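Computed from a predicted model, the values in this text were never measured in an experiment. Heads up: numbering here begins at 1 and tracks the sequence.
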Amino acid sequence: MSGRYDVVIVGGGVMGCSVAYFLASDPAFGGSVAVVERDPTYRTASSALSASSIRQQFSTPQNIALSQFGLSFLKSATERLSVDGDPVDLGLREPGYLYLATEFGADILRRNHAIQKACDVDVALLTPEELTARFPWLSVDGLVAGSLGLSGEGWFDGYSLMQGFRRKAKALGVTFLTADVVGVERSGDRIDAVRLDNGDRLACGVVVNAAGAKARRLAEMAGVALPVSARKRCVFVFDCREPLPACPLVIDPSGVWFRPEGAQFICGAPPPADRDPDTDDLTVEHDLFDDMMWPALAARVPAFEAIKVTNAWAGYYEYNDVDQNAIIGPHPEVGNLLFCNGFSGHGLQQAPGAGRGVAELIVHGAYRSLDLTVFGYRRLTENRPLLETNVI
């Protein structure tokens, strides 16, 4: 069976559904859109397994702007994504992010603070004494400073955001296909079609790579290199007997982070470099909690000395191996192949802005709302990494 679509989006997670929604809701776009998703249960999708947090404390102004738009989108989700008048509740909470720094990281924290203030981020740089006054349950041993988001940071229901995009895009006429892309037909500087594992061939005007953890594989089918790895990140759920009033999402200098999740807490941390391969394995590595996370948690919050792990899961970071920033926009030599990949852990919060940007490129030939050129593929070929220092 053959068909043709003006835009074929490969990957039906939050990025693919966001692009589809913004395309279909643009009055200037009158074309056809197909989203190809290999697993509509989303069992291993990052959109379903993410900790779903949102922050503005980045070191790159464009990342800040993406998350600022993401926040406004979350707050207006019902207005934007409602179908048949149904409310869209994304469970947004804004207790903030708290980055903690020892002397080693204090200068980076201060530099980032200056960038954030210049971008109108509501953030405060706190001394150890001020940290103790705000969070008496926090140990400030070894700390020099902390950066606290006073508003516009917290967490939300990322899976509901993805489903909201998907449902609205369907209502706007987008076609969703359950299949895996197994081949890409390329003629010189253009993609002509994609081939599916069910034998179908989809001719297309534009292909959007929103394939998440499989993004590198799709790029290779088109004869293009994409430095995006599927990195495993384990998240642990635990009980604590003592309450931690006004607890934000805390990032310890060790790299361990934690935040409330209902009556419990969740935590995680990047694994050691020698245990962080490109992988398809989502087996939870419990020794990471026992050997690395728990000691750091107990040292930072004395109440965490007596905690009990109640659950755990592992999901993917679509990790840009070059600079841990997104790759957005067209390939410089294959102009109808567009990327929306490599967000390195901050994809859900930036999905609204990234999807809007890719849709603007397709419909209008240029960014209109927010210039995302810095995230373009060309920086990779020209060895101009866009380094983000606030990666967790």
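Nearest approach of Ser254 to Ala296, heavy atoms of both residues: OG-CB, 3.5 Å. The shortest non-hydrogen separation linking Phe22 to Ala359 is CB-CB, 3.6 Å.
The pair Asp180-Arg195 does not meet the salt-bridge criterion, since no charged nitrogen lies less than 4.0 angstrom from a carboxylate oxygen. Under a 4.0 Å N-O distance rule, the pair Arg4/Asp192 does not qualify as a salt bridge. A salt bridge does not link Lys232 to Asp280: none of the charged side-chain nitrogens sits closer than 4.0 Å to a carboxylate oxygen. We find that Asp86 and Arg167 are joined by a salt bridge, their nearest charged nitrogen and carboxylate oxygen being less than 4.0 Å apart. Between Asp287 and Arg275 a salt bridge is recorded (basic side-chain N to carboxylate O distance below 4.0 Å). With respect to the salt-bridge test (charged N to carboxylate O, under 4.0 angstrom), the residues Lys308 and Asp239 do not qualify. Here Lys75 pairs with Glu94 in a salt bridge; the nearest charged N to carboxylate O distance falls below 4.0 Å. Salt-bridge formation is detected for the pair Arg216/Asp278: a Lys NZ or Arg NE/NH1/NH2 atom is positioned less than 4.0 Å from an Asp or Glu carboxylate oxygen.
The shortest side-chain heavy-atom distance between Glu318 and Asn341 does not fall under the 4.5 Å cut-off. Taking 4.5 Å as the limit, every side-chain heavy atom of Asp323 sits out of range of all side-chain heavy atoms of Glu388. Using a 4.5 Å heavy-atom cutoff, the side chains of Phe265 and Pro260 are in contact.
Val8 and Tyr21 fall into different hydrophobic clusters, where Ile, Leu, Val, Met, Phe, Trp and Tyr side chains are chained together by heavy-atom contacts under 4.5 Å. Val19 and Phe73 fall within a single hydrophobic cluster, where Ile, Leu, Val, Met, Phe, Trp and Tyr are joined by side-chain heavy atoms under 4.5 Å apart, directly or via other members.
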inquiry  = Set out, in order, the CA-CA distance, both residues' side-chain angles and the distance that settles ring-ring contact (aromatic ring centres under 6.0 Å, His included) for Phe339 and Phe375, then state yes or no.
reply    = CA-CA 10 Å; Phe339 300 101; Phe375 298 113; over 10 Å; no
task = Carefully, step by step, assess Phe258 and Phe236 under the rule ring-ring contact (aromatic ring centres under 6.0 Å, His included).
result = CA-CA 9 Å; Phe258 66 88; Phe236 296 89; over 10 Å; no
inquiry  = Applying side-chain contact (heavy atoms from CB on, under 4.5 Å) to Arg134 and Leu148, what does each step give before you reach the verdict?
reply    = CA-CA 10 Å; Arg134 280 181 177 265; Leu148 175 65; 3.7 Å; yes
query = Is there a ring-ring contact (aromatic ring centres under 6.0 Å, His included) between Phe343 and Tyr317 once you walk through the steps?
reply = CA-CA 8 Å; Phe343 288 82; Tyr317 268 17; over 10 Å; no
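The aromatic rings of Phe289 and Phe238 sit tilted relative to each other, their planes meeting at an angle between 30° and 60°.
Between the side chains of Asp26 and His364, a donor-acceptor pair is found at a separation under 3.5 Å. A donor-acceptor contact under 3.5 angstrom links the side chains of Asp371 and Thr373, judged on distance only.
Atom OG of Ser50 sits about 12.0 Å away from atom NE2 of His346, to the nearest 0.5 Å.
Proximity of a side-chain donor or acceptor of Asn320 to a complementary backbone N or O of Ala326 within less than 3.5 Å is not detected.
Between Tyr97 and Phe58, a ring centre-to-centre spacing not shorter than 6.0 Å is recorded.
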